[in-house]
Amino acid sequence: MHFALNNDELVEAQTGLNGSCRGCGELVIAKCGTVRVHHWAHKSLEMCDKWWETETEWHRSWKNNFPHLWQECFMPDIQTGEKHIADVRTDHGLVIEFQHSHLKPEERTARENFYQNMVWVVNGTRLVHDYPRFLKGQNHILPTSQLGISHISHPDKCLPSAWLNSSVPVLFDFLGTGSVNNHLDSRNPLYCLFPVRFARRATLARIPRSAFIKTTINGEWSVRVDGIMKELLKAKEEWENQENNTERLWQMHKLQMSRSR
């Protein structure tokens, strides 16, 4: 946990300091060692959010792009009474979850169903083969007439399979906490996978980091994503109608052939 309450103020973990959890009010203790990122931990050793995971420098670096009051936003589940902590929730209602560790499909689905208006940012450097695989699969990525938008004929050939069935946009960060001097390096931007699929094809957007941060802060992100999603769903519907028409014509042809025998 990045922040805790101390004298009703949000404070970061400092050696010897105690605080209280913003979500459950329980006592939390500052952990300021040399191995893990400085953080607050519940004295009871049990987090009040069963989805909570250990933070890394990558998490903290991303979260610090947003106002402190947007970080670690507690959102209660009215049906179950559980508390969940969104990594970031903007004033526009968008939840941003930064995911480093492996996530079980059922938990990914549960988080998406709960937060709904959300986007994932996935650390593409956790597994050493993910970025080389992405580069190797470039022949499956075909640019469109829209700047920065591409189609992927076989997304499983170049993107982590664990995220292909997400119901919300997923952004892959192949730079992690590293840095590159060449601004043209393909690790610099983020790659946003949209959740609409048809004809084994997916849609990928190449997005500058600064643009993602800016548009999520000012509220433009959701508007742009909604626009893209509507276009994709319309294209999918047209494709499905065409496929249905083709199938009907084929069935009619078969019927005519059988009658002529």
N117 side chain vs G93 backbone, donor-acceptor pair below 3.5 Å: yes

Any V170 side-chain heavy atom under 4.5 Å of F172 side chain: yes

Interatomic spacing from CD1 in I152 to CZ in R201 - rounded to 0.5 Å: 11.0 Å

Close side-chain approach of M118 and E112, heavy atoms under 4.5 Å: yes

Close side-chain approach of P189 and R206, heavy atoms under 4.5 Å: yes

Side-chain heavy-atom pair E97, V95 within 4.5 angstrom cut-off: yes

Side-chain donor or acceptor of N65 paired with backbone N/O of W62 under 3.5 Å: yes

Salt bridge (charged side-chain N to carboxylate O under 4.0 Å, His left out) contacts in which one or both residues fall within residues 164-182, not counting sequence neighbours: D173-R209

Test item: R197 side-chain N/O and N165 main-chain N/O as donor-acceptor pair under 3.5 Å: no

Flag, side chain of H59 to backbone of T56, donor-acceptor distance under 3.5 Å: yes

V119, I213, L171, D87 screened by side chain to side chain contact (heavy atoms under 4.5 Å, CB included) with I96, the one that passes: V119

Parallel, tilted or perpendicular, as decided by the 30° and 60° cut-offs, for the rings of H84 and F114: perpendicular

F134-Y191 aromatic ring centre distance below 6.0 Å: yes

Whether Q99 side chain and V121 backbone form a donor-acceptor pair below 3.5 Å: no

Side-chain donor or acceptor of S166 paired with backbone N/O of W163 under 3.5 Å: no

L135 side chain reached by S186 side chain, heavy atoms, under 4.5 Å: yes

Spatial distance of atom NE2 (H154) from atom CD1 (I141) [nearest 0.5 Å]: 12.5 Å

Residues D156, S161; criterion side chain to side chain contact (heavy atoms under 4.5 Å, CB included); working and verdict: CA-CA 6 Å; D156 56 306; S161 59; 5.7 Å; no

Straight-line distance of I228 CD1 to T203 OG1, nearest 0.5 Å: 9.0 Å

K63/E55 ion pair, N-O < 4.0 Å: yes

Residues that, via side-chain heavy atoms closer than 4.5 angstrom, fall in one hydrophobic cluster with L175: V180

Exam field: side chain S61 to backbone E57, donor-acceptor pair closer than 3.5 Å: no

Euclidean distance, N218 CG relative to E220 CD, rounded to 0.5 Å: 4.0 Å

Backbone of I149 reached by a side-chain donor or acceptor of T144 within 3.5 Å: yes

H68/F3 aromatic ring centres below 6.0 Å: yes

Sidechain-backbone polar pair: H100 side chain, R126 backbone, donor-acceptor under 3.5 Å: no

Pairwise side-chain contact, L10 with L69, heavy-atom cut-off 4.5 Å (strictly under): yes

From CA spacing to verdict: side chain to side chain contact (heavy atoms under 4.5 Å, CB included), W120, R108: CA-CA 10 Å; W120 293 100; R108 174 185 56 75; 3.9 Å; yes

More than 12 heavy atoms from other groups under 6.0 Å of CD on E106: yes

